[in-house]
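Note that the coordinates shown come from a computational prediction; the quantities given were computed from them, not determined experimentally.
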Amino acid sequence: MATPPKFPLGDKLAQAARGMAQGVGRRERRAPGLPIRQPSRRLRYLVVLVLAVVAGLLAWNWSDMRGRTRIGASYAARIGCVCRYVSNRGLDACEADLALAPLPGLAGMVSLSEDAETRSVSAGLPLLGRQSARFTPEEGCQLDAWDE
């Protein structure tokens with residue numbers, strides 16, 4: 001003879017408890033008729049396409065961007081050297097002067113550092129370029145040679 005069921009048929013709470021006891025996952029316990037939402041394939045393809053286009057543009061313009069940032073870093077190093085060693089001002093004041101410099105979009109990203117032993121100031125843009133200028137009493141501030 002069959003044993004009677006422990007839970008009456010149609011009892012939702014009992015069915016959920018039975019499902020958890022049997023290890024049924026969360027997705028299977030969802031309400032019937034509600035689809036599981038996943039990102040659209042079109043959206044994923046669009047994101048991949050946009051990233052590929054941006055990477056291609058960066059690769060296409062890399063040498064031009066590198067040259068412009070090297071020029072900006074050279075300008076900032078020269079101005080920083082003159083400000084620090086000719087005008088005898090602090091490096092913080094020199095960085096404030098660079099904010100007023102005609103470097104469109106680059107002035108806020110340039111960082112200055114000094115080497116008091118060699119009397120040089122280095123200017124750099126993150127990941128793109130770095131240049132330094134040295135001060136000598138005979139010649140003033142001169143840029144170091146670019147290394148290609």
Side-chain angles (χ1 to χ4, degrees), residues 6-7 11-148:
K6 230 176 185 177
F7 302 106
D11 186 4
K12 297 261 185 199
L13 185 60
Q15 287 176 356
R18 221 177 307 135
M20 287 193 321
Q22 294 173 356
V24 175
R26 188 173 175 185
R27 285 191 173 172
E28 283 116 27
R29 289 192 325 247
R30 65 180 168 76
L34 293 177
I36 298 171
R37 184 154 177 94
Q38 293 182 355
S40 168
R41 277 190 182 174
R42 288 182 183 171
L43 179 63
R44 282 185 272 165
Y45 291 147
L46 181 66
V47 168
V48 169
L49 179 68
V50 167
L51 289 175
V53 167
V54 168
L57 287 174
L58 279 175
W60 182 269
N61 292 321
W62 183 254
S63 64
D64 184 49
M65 278 188 346
R66 199 64 212 228
R68 289 177 187 265
T69 55
R70 183 176 281 178
I71 291 170
S74 299
Y75 177 83
R78 174 85 163 71
I79 295 298
C81 179
V82 169
C83 175
R84 176 70 184 106
Y85 294 109
V86 175
S87 301
N88 291 323
R89 297 172 59 202
L91 205 58
D92 293 334
C94 299
E95 283 184 337
D97 287 351
L98 282 178
L100 303 173
L103 295 173
L106 298 176
M109 295 188 303
V110 174
S111 63
L112 293 179
S113 61
E114 75 172 308
D115 184 8
E117 183 179 311
T118 60
R119 297 184 84 178
S120 66
V121 172
S122 295
L125 286 121
L127 301 175
L128 291 173
R130 186 155 203 77
Q131 184 63 35
S132 59
R134 297 185 192 288
F135 175 77
T136 58
E138 301 84 30
E139 297 176 353
C141 288
Q142 298 290 319
L143 289 174
D144 290 344
W146 285 2
D147 51 334
E148 296 291 327

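- Contact record, A77 with A123: N-CB, 3.5 Å, taken as the closest heavy-atom pair.
- Annotation: the span from S120 atom OG to Q142 atom CD amounts to 13.5 Å, rounded to 0.5 Å.
- Scanning both residues, C81 and V121, for their nearest heavy atoms gives CA-CG2, 3.8 Å.
- The main-chain N or O of R66 is found under 3.5 Å from a side-chain atom of T69 such that the two form a donor-acceptor pair.
- The salt bridge (Lys or Arg N to Asp or Glu O under 4.0 Å) check on D144 picks up R134, with sequence neighbours excluded.
- Remark: S113 OG to L91 CG distance equals 7.5 Å, nearest 0.5 Å.
- We find the CZ-CG distance between R68 and L125 to be 13.5 Å, quoted to the nearest 0.5 Å.
- A donor-acceptor pair under 3.5 Å links the side-chain atoms of E95 to the main chain of L112, judged by distance alone.
- The shortest heavy-atom contact between S132 and S122 is CB-OG, 3.3 Å.
- For D92, the salt bridge (Lys or Arg N to Asp or Glu O under 4.0 Å) criterion is met by no residue, not counting sequence neighbours.
- By the salt bridge (Lys or Arg N to Asp or Glu O under 4.0 Å) test, R89 pairs with D97, sequence neighbours left out.
- Expressed to the nearest 0.5 Å, how far CG of N88 lies from SG of C83 amounts to 9.5 Å.
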For the pair Y85 and E114, evaluate side chain to side chain contact (heavy atoms under 4.5 Å, CB included) and give the outcome as yes or no after the intermediate values.
CA-CA 10 Å; Y85 294 109; E114 75 172 308; 2.9 Å; yes
